[in-house]
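In what follows, a structure is listed as structure tokens, so that the remarks can point back to it.
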Number of protein chains: 2
Amino acid sequence: MRALGDALGVAPGAIYWHFSSKEEIVGAVSALVLSDIDVTDTRDRSWHGELNDLAHAMRRAMHRHPNVAPVFGTQILTSIYGATLAERIMTILAEAGFSGDDLVHAYNAFTGTVLGWVTVELSRSPTVDMSWRDGLRAALDGLDASEYPALAAAMPHARNAAFMLRWDLAEINPLDDAFSFTISVLLDGLRARLRQR
Amino acid sequence: MRALGDALGVAPGAIYWHFSSKEEIVGAVSALVLSDIDVTDTRDRSWHGELNDLAHAMRRAMHRHPNVAPVFGTQILTSIYGATLAERIMTILAEAGFSGDDLVHAYNAFTGTVLGWVTVELSRSPTVDMSWRDGLRAALDGLDASEYPALAAAMPHARNAAFMLRWDLAEINPLDDAFSFTISVLLDGLRARLRQR
DNA sequence: ACCTGAACACCGTTCAAGT
DNA sequence: ACCTGAACACCGTTCAAGT
């Protein structure tokens with residue numbers, strides 16, 4: 001609040017004439033971030049192709065504003081932009097063939113996975129907090145290969161696919177591949193669910 | 001810190017003789033929560049059956065301690081308990097047939113989805129924050145069916161499957177079904193990925 | 001209508017001083 | 001070795017008073 005006041009050349013208390021709480025401001029910022037997601041209708045694409053694009057667009061928006069990312073999910077239906085996004089996702093899933101409870105389940109699976117996965121990803125961002133690195137590196141170095149054989153065997157492959165393991169090797173957007181894999185697996189699962197109906 | 005000091009019958013500053021920061025305490029608590037997850041080896045089960053049990057066990061642990069849930073992912077490899085869990089997941093996936101980069105990808109997809117989904121779920125828990133409810137209800141009530149037809153059509157089915165929609169109708173553990181669906185879809189996706197190798 | 005100035009209650013953290 | 005007491009810098013927020 002004080003920093004925001006400074007940036008506006010105004011006393012901290014002055015902000016409370018325009019907004020009633022910090023939470024309200026974060027909500028407003030969140031709506032702005034939501035509005036930054038491209039939800040354009042491209043009906044020539046497959047439904048999983050569209051959802052894939054949407055997932056990546058959501059992730060990009062969250063990466064652009066890592067600080068509001070944690071409240072992203074809470075705010076998704078409280079603004080026109082969020083409702084537009086939700087409507088688009090729901091439409092795509094309905095046209096794909098989902099209906100009834102499964103439609104809502106699919107919606108929740110998609111949004112929950114995208115928002116949640118990226119939230120976890122950003123919560124360990126080096127720009128947010130550097131201190132976990134040393135702790136993790138120490139933990140990995142002290143890891144006994146005879147006691148944790150599967151982890152030890154997986155380590156060499158954790159270079160470009162780092163998440164819970166070895167982020168130290170990838171600096172900028174290190175988790176692009178990991179996210180792409182996750183979304184693609186999720187969409188495969190949804191497709192399988194659609195076939196068995 | 002002051003509340004913790006009170007609970008221990010001690011001055012706030014006294015805590016800093018035992019821990020160097022609040023963050024360290026949260027990390028220690030996180031390790032305790034991790035230790036509460038059952039990682040027992042049951043080789044008679046299928047790999048997806050085991051991962052499904054593990055996912056639900058992780059979720060239960062997070063629900064038991066909603067306040068440390070957000071740092072859960074960051075702490076997973078910094079304690080023996082976390083490393084044991086990671087080792088177990090990695091072993092199951094390796095035995096299922098994953099190897100190389102895909103093994104790490106699958107690990108990241110699983111842990112990221114479970115931790116992330118539940119983090120989002122808990123971030124909107126009524127016990128944590130009541131205020132979003134009114135805002136959401138107002139947003140839903142003001143939602144024009146002609147402008148958001150897909151959302152409006154899905155609403156009736158959002159009773160027992162509430163997530164981004166209408167939590168107001170389900171109070172205790174309202175998202176059990178939604179989580180089960182998500183994990184089942186994720187595991188279906190991993191199975192499909194395994195077949196096409 | 002919009003802002004200032006000053007305060008309030010509350011944080012995590014430090015540190016000399018005690019025992 | 002372990003704790004107290006008191007302080008420090010910093011939060012979000014309130015509100016009479018100004019213009």
Side-chain angles (χ1 to χ4, degrees), chain A residues 1-34 62 64-76 78-79 82 119-120 122-136 138-139, chain B residues 1-34 62 64-76 78-79 82 119-120 122-136 138-139:
Chain A
M1 289 300 121
R2 284 159 222 269
L4 181 56
D6 278 3
L8 298 168
V10 122
I15 302 168
Y16 287 83
W17 195 89
H18 304 273
F19 294 90
S20 63
S21 67
K22 186 188 175 183
E23 201 188 336
E24 197 179 294
I25 297 178
V26 174
V29 173
S30 165
L32 275 180
V33 178
L34 248 350
M62 291 173 81
R64 250 179 257 126
H65 305 273
N67 292 329
V68 299
V71 300
F72 217 66
T74 327
Q75 300 290 334
I76 203 164
T78 57
S79 72
T119 300
V120 174
L122 288 174
S123 75
R124 62 184 66 234
S125 168
T127 55
V128 175
D129 178 18
M130 281 286 193
S131 63
W132 60 265
R133 281 188 165 227
D134 297 337
L136 179 73
Chain B
M1 288 300 121
R2 284 160 222 268
L4 181 56
D6 278 1
L8 298 169
V10 121
I15 302 169
Y16 287 83
W17 195 91
H18 304 273
F19 294 89
S20 65
S21 69
K22 187 187 175 185
E23 200 188 335
E24 197 179 294
I25 297 178
V26 174
V29 174
S30 165
L32 276 180
V33 179
L34 248 352
M62 291 172 81
R64 251 178 256 126
H65 305 272
N67 292 331
V68 298
V71 300
F72 217 66
T74 326
Q75 299 289 336
I76 204 166
T78 57
S79 73
T119 301
V120 173
L122 288 174
S123 76
R124 63 184 64 233
S125 168
T127 56
V128 176
D129 179 18
M130 282 285 193
S131 63
W132 59 265
R133 281 186 167 229
D134 297 337
L136 180 72

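Below, chain A is the first sequence line, B the second, and so on; all start at residue 1. Because only heavy atoms are used, hydrogens play no part in the values below, and waters and symmetry mates are left out as well, while side chains stay in.
Here L8(A) pairs with L4(A), V10(A) under the side-chain contact (heavy atoms from CB on, under 4.5 Å) rule; sequence neighbours left out. Take R64(A) and apply the salt bridge (Lys or Arg N to Asp or Glu O under 4.0 Å) test, not counting sequence neighbours, and it matches D36(A). For H65(A), the side-chain contact (heavy atoms from CB on, under 4.5 Å) partners at least two apart in sequence or on another chain are V33(A), V68(A).
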Test side chain to side chain contact (heavy atoms under 4.5 Å, CB included) on V120(A) and F72(B); report intermediate values, then the result.
CA-CA 9 Å; V120(A) 174; F72(B) 217 66; over 6 Å; no
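In terms of heavy-atom proximity, T119(B) sits nearest to A69(B) at OG1-O, 4.1 Å. Looking at every heavy atom in both residues, S21(A) comes nearest to Y16(A) through CA-CE2, 4.2 Å.
If you take CG of L8(B) and C1' of dC3(D), they are 12 Å apart, rounded to a whole angstrom. In this structure, the CD1 atom of I15(B) is 10 Å from the P atom of dT4(D), given to the nearest Å. D6(B) places its CG atom 12 Å from the P atom of dC10(C), with the value rounded to the nearest Å. Whole-Å rounding puts the W17(B) CH2 to dT4(D) P distance at 14 Å.
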Base-contact (B) and sugar-phosphate-only (S) positions in nucleotides 13-19 of chain C, heavy-atom cut-off under 4.0 Å, - elsewhere:
BB-----
Once Watson-Crick and G-U wobble pairs under 3.5 Å are found, how is DNA chain D written in dot-bracket notation, 5' to 3', with | for any base paired to another strand?
||.|||||...|||||.||
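Summarising the geometry, atom NE2 belonging to H18(A) is positioned 10.0 Å from atom CD1 belonging to I25(A); distances are rounded to the nearest 0.5 Å.
Side-chain nitrogen and oxygen atoms of H18(B) include at least one within less than 4.0 Å of the OP1 or OP2 phosphate oxygen of dC3(D).
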